[in-house]
Amino acid sequence: MKNTIELKKDGLYLDGEKFFLISGDFHYFRTLPEGWRRRLRLMKDFGLTAVTTYVPWNLTEPERGQFCFEGRCDLIRFIKEAEEEGLKVILRCSPYLCGEWEFGGLPYWLLKDRTLCLRSSDPKYMEAINEYNKVLCDLIRPYLYTNGGPIILIGLENEYGSFGDDKKYLRMLCDFYKNEDIDVPFISANGVDPFKYLNGTLPDNWNGIDCGAKESSIPQFDKLRALQPDKPVMIGEAWVGSIMFWGRSFVKNTSGEEHVEFFREALKQNVVVNFYMFCGGTNFEFTNGALSRTLGKDGYYPLSTSYDYNAPISEEGTPTPKYFTLRDVLDEHLGKQKRPHVDPFKYEAQVIDDIKITETACYEDNLDTLVTNKVFSHKVICMEDMDQDYGFIRYTSHINYTDDRTRILFIEGLADRATVYIDGKYIGTAMRQAEDNQEITFTVAKGGSDLTILVENTGRINYGYNMYDYKGINGCVRVRILNEDGSHLYNLANNMHFTIESIPLKSTKGLKYTSDLTRRNTPTFYKGTFSARAGVDTFLDMKGWKKGVVFVNGFNLGRYWEIGSQRTLYVPGELLRDDGNVIEVFELHTPKADLTLSALDHSLLCEPVAGTLASADFELL
């Protein structure tokens with residue numbers, strides 16, 4: 001027998017022989033391609049036999065019918081490198097991935113039809129997913145194990161029982177793959193509770209569960225055996241870290257001792273474990289997701305740029321203490337001698353001092369370059385109605401003068417963060433959650449005033465029923481009017497007539513920089529150049545800057561935000577050259593006082609954030 005794969009009660013068999021399956025999640029699209037092999041080699045050194053990854057639909061088909069399999073979307077290069085390093089591949093095609101990723105990996109353009117039902121057998125949704133899956137299946141088919149490749153399992157949806165109960169949808173996905181000659185076993189993962197497990201699975205697939213890799217989760221093994229007694233117990237996601245939110249505390253690189261008993265008992269009981277995450281990564285550009293409910297509280301919680309996750313392998317691709325602790329458990333189980341806790345592969349990072357800003361470009365002076373779509377509308381409309389995925393959207397309305405009374409601004413349905421200006425002067429910031437906001441007040445000039453609201457999409461919700469997350473302003477703009485006696489005018493009127501402009505900020509090409517180094521409190525691009533060691537990682541220190549995004553040599557590293565706990569942005573070495581590196585900082589507020597930046601040889605992701613819940617306190621399932 002050759003190139004055969006069979007799932008039995010006691011395990012997975014390849015070519016008639018039982019395969020020792022232990023795997024970990026590494027999302028290739030969260031790392032630039034030159035960094036893939038170093039991480040894959042560490043996974044192999046640990047003793048994993050397979051790498052698990054999602055395929056992000058939103059990066060793969062950013063606009064309907066337009067596909068990308070280049071750069072960090074080069075799925076086939078990743079599959080080939082994994083095979084070259086001796087690892088099988090578990091491909092979670094999904095189409096939904098959660099993963100604390102923007103919109104859970106779904107493409108924004110699905111929201112353009114407001115009658116479409118996501119993740120369902122709705123014909124409009126199925127038409128879109130089948131178009132995508134046809135392209136994906138044609139791409140991956142030659143790399144299935146049954147065709148001599150490394151792909152041994154295909155993931156169907158993900159945590160579906162936490163979203164819906166459309167079994168017809170799951171069956172249609174399954175049947176589509178089978179009709180496309182995808183003939184390796186299908187897997188899924190859900191919470192172990194019968195409500196989530198039974199709503200989210202098909203009985204003939206290999207269905208795992210997700211849980212924390214802690215001693216308290218060991219009883220889940222027997223619960224899963226009772227739910228699917230004819231197949232091996234599989235922990236589809238054994239969480240060995242925690243997710244990171246802006247404004248929440250985070251703890252990095254703990255020892256991993258809390259995971260030892262779970263892992264040891266799983267190995268003893270022949271439980272298949274997939275570590276989530278095994279390799280940390282980065283939410284480059286605008287790809288971080290957000291949660292809408294956690295710890296029983298409704299709200300909006302955007303995730304950080306770093307997806308280090310406190311994983312066994314860090315964001316930059318180095319083994320952490322947790323890596324060695326868990327490797328010891330596996331080595332003991334396999335009868336290997338204990339190995340020294342040292343990085344088996346060389347890693348370098350560099351310090352770059354005193355990067356000076358030498359030019360600026362005010363965004364208002366560059367709207368002709370930045371704006372990709374401009375409409376006039378009698379009411380506010382959202383990003384999706386403007387065919388816009390990420391970035392910023394700008395609303396401008398002229399307010400007629402009636403009197404000198406103070407106006408108090410309300411932005412109904414804000415998603416997610418707005419900086420507000422009256423006649424070009426900054427007057428305040430509004431957040432999606434009302435409790436985060438302070439009053440924004442203004443008066444109207446005698447000849448009337450222009451009100452401008454710049455809204456940032458800080459990440460679409462990636463989990464649960466609130467995934468229908470339209471960005472921009474989804475309600476209206478209105479004001480309360482303060483009378484001289486301190487009362488408010490009874491007023492339910494809304495502002496009308498808006499010029500609306502899309503600023504997706506996919507590129508900084510064409511910006512008109514000048515040598516004017518004025519520090520402004522309006523959105524401005526700040527530019528400088530620096531030298532570096534080509535190919536060597538570094539970590540950009542954003543202390544002293546407020547909020548924005550950073551481009552290095554034209555690549556968007558992602559967001560920074562002074563509320564922490566993330567302070568540095570990871571700069572992969574492959575972005576850097578010896579001389580003439582260009583940094584551009586799009587700062588929404590005021591820049592660092594001395595207009596400088598520096599880069600460190602290590603990350604700072606755990607800056608103190610007072611009075612908040614820890615990231616580890618947030619649970620999805």
For the backbone of Phe26 and the side chain of Thr53, can you confirm whether one donor and one acceptor N or O come within less than 3.5 Å of each other? yes
Using the side-chain contact (heavy atoms from CB on, under 4.5 Å) criterion, which residues pair with Ser188? Sequence neighbours excluded. Asn190, Thr201, Asn207
Can you check whether Arg30 reaches Cys279 side chain to side chain, under 4.5 Å on heavy atoms? no
Would you sort out whether Phe286 and Tyr390 count as a ring-ring contact (aromatic ring centres under 6.0 Å, His included), showing the intermediate values? CA-CA 6 Å; Phe286 300 113; Tyr390 315 121; 7.1 Å; no
Aromatic ring proximity, centroids under 6.0 angstrom, Phe78 and Phe29: no
Ile154 pairs by side-chain contact (heavy atoms from CB on, under 4.5 Å) with which of Val89, Asp183, Leu91? Leu91
Heavy-atom closest contact (Thr52 atom, Ser23 atom, distance): OG1-OG, 3.5 Å
Quick one: are Ile209 and Lys223 in side-chain contact, heavy atoms under 4.5 Å? no
Any side-chain heavy-atom pair from Val240 and Phe263 closer than 4.5 angstrom? no
Student check: side-chain heavy atoms of Ile235 and Cys211 closer than 4.5 Å: yes
Check whether any side-chain heavy atom of Thr325 sits under 4.5 Å from a side-chain heavy atom of Glu257, and report yes or no. yes
List the atom of Arg533, the atom of Leu576, and the distance in Å for their closest heavy-atom pair. O-CB, 4.4 Å
Carefully, step by step, assess Asp343 and Tyr323 under the rule side-chain hydrogen bond (donor to acceptor under 3.5 Å, both in side chains). CA-CA 10 Å; Asp343 187 347; Tyr323 174 95; over 6 Å; no
Lys506, NZ atom: more than 12 neighbouring heavy atoms under 6.0 Å: yes
Output, in order, the C-alpha distance, side-chain angles, deciding distance and verdict of side-chain hydrogen bond (donor to acceptor under 3.5 Å, both in side chains) for Trp101 and Asn58. CA-CA 10 Å; Trp101 185 255; Asn58 56 355; 3.0 Å; yes
For Phe20, is there any backbone N or O sitting under 3.5 Å from a side-chain donor or acceptor partner on Thr49? yes
Can you give me the closest heavy-atom contact between Asp210 and Trp239, atom names plus distance? CB-CZ2, 3.7 Å
Using 0.5 Å steps for rounding, measure from the CG atom of Leu291 to the OH atom of Tyr301. 9.0 Å
Can you find a pair of side-chain heavy atoms, one from Tyr177 and one from Asn133, that are under 4.5 Å apart? yes
Is there a side-chain contact (heavy atoms from CB on, under 4.5 Å) between Lys231 and Leu224? Walk through the geometry before answering. CA-CA 10 Å; Lys231 293 181 175 66; Leu224 181 55; over 6 Å; no
Ionic contact status for Arg141 with Asp138, cut-off 4.0 Å: yes
Which is it for Ser242 and Asn310 under the side-chain hydrogen bond (donor to acceptor under 3.5 Å, both in side chains) test, yes or no, and what are the steps along the way? CA-CA 6 Å; Ser242 57; Asn310 191 20; 5.3 Å; no
As a quick check of understanding, evaluate side-chain contact (heavy atoms from CB on, under 4.5 Å) for Tyr96 and Tyr160, giving each step before the final call. CA-CA 9 Å; Tyr96 163 80; Tyr160 187 68; over 6 Å; no
Is the ring pair Tyr307/Tyr309 parallel, tilted or perpendicular, if the boundaries are 30 and 60 degrees? tilted
With the threshold set at 4.0 Å, does a side-chain nitrogen-carboxylate oxygen contact exist between Glu102 and Arg460? yes
How long is the gap from CG on Asp25 to CZ on Arg92, to the nearest 0.5 Å? 4.5 Å
Got a sec: does the CD of Glu215 have more than 12 other heavy atoms crowding it under 6.0 Å? no
With sequence neighbours left out, write down each residue that passes ring pair (Phe, Tyr, Trp, His ring centres under 6.0 Å) with Trp57, or none if nothing qualifies. Trp109, Tyr132
Given side chains that start at C-beta, do those of Arg72 and Thr31 come closer than 4.5 Å, heavy atoms only? no
What is the minimum heavy-atom distance between Gly71 and Pro33, and which atoms define it? O-CG, 3.4 Å
Nearest 0.5 Å, what's the CG-CZ distance between Leu557 and Phe284? 7.0 Å
Taking all atoms of both residues into account, what is the closest heavy-atom pair of Asp353 and Ser598, and its distance? CA-CB, 4.4 Å
Whether the side chain of Thr320 engages the backbone of Asn253 through a donor-acceptor N/O pair (distance < 3.5 Å, no angle test) should be reported. no
Does any N or O in the side chain of Thr538 come within less than 3.5 Å of the main-chain N or O of Leu600, such that one atom is a donor and the other an acceptor? yes
State the OG1-CD1 distance between Thr596 and Ile355, to the nearest 0.5 angstrom. 9.0 Å
Report yes or no: does Ser217 contribute a side-chain atom to a donor-acceptor pair with the main-chain N or O of Gly212 at less than 3.5 Å? yes
Is any side-chain N of the basic residue among Lys543 and Glu607 closer than 4.0 Å to the acidic one's carboxylate O? no
Taking the six-membered ring of Tyr13 as reference, does the cationic atom of Lys8 (NZ for Lys, CZ for Arg) lie under 6.0 Å from its centre and within 45° of its axis? yes
Assess the residue pair Gln566 and Ser306 against the criterion (side-chain hydrogen bond (donor to acceptor under 3.5 Å, both in side chains)); give the C-alpha distance rounded to whole Å, side-chain angles, the decisive distance to 0.1 Å, and a yes or no. CA-CA 7 Å; Gln566 178 178 353; Ser306 174; 4.8 Å; no
Run the salt bridge (Lys or Arg N to Asp or Glu O under 4.0 Å) test against Arg77 and tell me which residues pass, sequence neighbours left out. Glu34, Glu81
Does any N or O in the side chain of Asn553 come within less than 3.5 Å of the main-chain N or O of Leu575, such that one atom is a donor and the other an acceptor? yes
Aromatic contact between Phe278 and Phe46, with the criterion being ring centroids under 6.0 Å apart: yes or no? yes
Thinking salt bridges, do Glu85 and Arg41 make one under a 4.0 Å N-O criterion? yes
First locate atom OG1 of Thr254, then atom NZ of Lys322, and finally report the distance between them rounded to the nearest 0.5 Å. 4.0 Å
Minimum heavy-atom distance Gln228-Asn205, with the two atoms named: NE2-O, 2.6 Å
Distance (rounded to the nearest 0.5 Å) between Ile182 CD1 and Leu136 CG: 8.0 Å
Quick test of your reading of the model: are Glu261 and Arg264 salt-bridged, counting only N-O distances below 4.0 Å? yes
Asp541 (side chain) donor-acceptor with Thr568 (main chain) under 3.5 angstrom: no
Matching residue for Ser531 among Asp579, Asn581, Asp578 - test: side-chain hydrogen bond (donor to acceptor under 3.5 Å, both in side chains): Asp579
Under 3.5 Å donor-acceptor, Glu100 side chain and Ile243 backbone: no
Salt bridge present between Lys592 and Glu587 (N-O < 4.0 angstrom): no
